[in-house]
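In what follows, every chain begins at residue 1, and chains take the letters A, B, ... in the order their sequences are listed. Heavy atoms only: backbone and side chains are in, while hydrogens, waters and symmetry mates are out.
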Amino acid sequence: DTEVTQTPKHLVMGMTNKKSLKCEQHMGHRAMYWYKQKAKKPPELMFVYSYEKLSINESVPSRFSPECPNSSLLNLHLHALQPEDSALYLCASSQDRGTYQPQHFGDGTRLSIL
Amino acid sequence: KQEVTQIPAALSVPEGENLVLNCSFTDSAIYNLQWFRQDPGKGLTSLLLIQSSQREQTSGRLNASLDKSSGRSTLYIAASQPGDSATYLCAVRRVLATSGTYKYIFGTGTRLKVLA
């Protein structure tokens with residue numbers, strides 16, 4: 001069982017909808033990540049939060065809006081998405097920056113945009 | 001810009017074979033390298049983490065080596081089993097000088113199929 005929990009597992013939405021993806025971990029990790037993964041491609045980093053503050057935004061379109069309400073929770077708010085945004089969205093966490101600790105991944109949310 | 005490539009892209013072997021997966025990176029200024037496996041439609045499972053100061057790590061039938069100076073890592077799988085069938089990804093960890101935070105850059109992956 002993964003220690004990083006993502007909900008929902010699957011999401012189908014229209015281009016005008018607003019939805020949110022949720023990620024939760026209770027390992028005391030202070031760094032959390034969002035990745036986007038297209039089929040048969042490696043994960044691509046979207047955002048990094050360190051101590052609940054956004055530290056990396058990989059030039060992600062504004063229709064994706066991350067939020068880190070507390071050290072255990074990471075959200076990704078979605079609005080006016082495009083069909084090309086259909087992908088597996090992965091959340092990960094690790095110990096705070098500067099330490100030699102592995103990343104732990106959730107099982108992802110499979111997102112389909114109609 | 002750091003680029004991470006994995007060879008081969010796909011591999012099909014009979015059960016019981018020992019095999020080697022390769023990972024190459026262009027910038028040797030890494031903090032560590034992590035190997036993952038990913039089953040279809042699933043998240044990533046961490047297999048091994050090698051610090052930049054280490055040469056290898058072992059876990060069960062898996063052995064990962066790291067040669068920072070040449071920009072290479074290998075994952076050795078002994079006595080392969082059908083349950084090893086998955087995509088294997090390597091990822092290097094680098095620090096961004098401007099912010100002090102770090103990021104992982106993933107390789108292109110190797111899709112492994114072990115035939116019973």
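- Here the shortest heavy-atom pairing between B:Lys103 and A:Glu58 reads NZ-OE2, 2.6 Å.
- Only the side chain of B:Gln38 comes within less than 4.5 Å of a heavy atom of chain A; its backbone N, CA, C and O stay farther away.
- When all heavy atoms of A:Leu90 and B:Gly43 are compared, the closest pair comes out as CD2-CA, 3.8 Å.
- Counting all heavy atoms, side chain and backbone alike, A:Pro42 lies closest to B:Leu89 at CB-CD2, 4.2 Å.
- Around atom NZ of A:Lys38, more than 12 heavy atoms belonging to other residues, nucleotides or ligands sit under 6.0 Å away.
- Only the backbone of B:Thr108 comes within contact range of chain A, judged by heavy atoms closer than 4.5 Å.
- Once rounded to the nearest 0.5 Å, the distance linking OG of B:Ser46 with NE2 of A:His104 reads 7.0 Å.
- If you chain together hydrophobic residues whose side chains sit under 4.5 Å apart, B:Leu44 and B:Leu47 never meet in one group.
- Hydrophobic clustering (side-chain heavy atoms under 4.5 Å, transitive across Ile, Leu, Val, Met, Phe, Trp, Tyr) keeps B:Ile105 apart from B:Phe36.
- The line from CZ of B:Arg111 to NZ of A:Lys40 is 5.5 Å long, rounded to the nearest 0.5 Å.
- The neighbour count for B:Arg72 CZ, taken as heavy atoms of other residues, nucleotides or ligands under 6.0 Å away, does not exceed 12.
- Surrounding NZ of B:Lys68 are more than 12 heavy atoms belonging to other residues, nucleotides or ligands, all under 6.0 Å away.
- Using a 4.5 Å cut-off between heavy atoms, B:Tyr104 contacts chain A through both its backbone and its side chain.
- Aromatic ring centres of B:Phe106 and A:Tyr35: separated by under 6.0 Å.
- Residue A:Ser94 holds its OG atom at 6.0 Å from CZ of B:Arg93, rounded to the nearest 0.5 Å.
- Within a 6.0 Å radius of CE in A:Met15, other residues, nucleotides and ligands contribute 12 heavy atoms or fewer.
- Taking a 6.0 Å sphere around CD of A:Glu44, one finds it holds 12 or fewer heavy atoms contributed by other residues, nucleotides or ligands.
- Across every non-hydrogen atom of B:Gly41 and A:Arg110, the tightest pair is CA-NH2, 3.5 Å.
- In this structure, chain B has a heavy atom under 4.5 Å from the side chain of A:Gln37, while its backbone stays farther away.
- The 12-atom threshold is not exceeded at CZ of B:Arg55, counting heavy atoms of other residues, nucleotides or ligands nearer than 6.0 Å.
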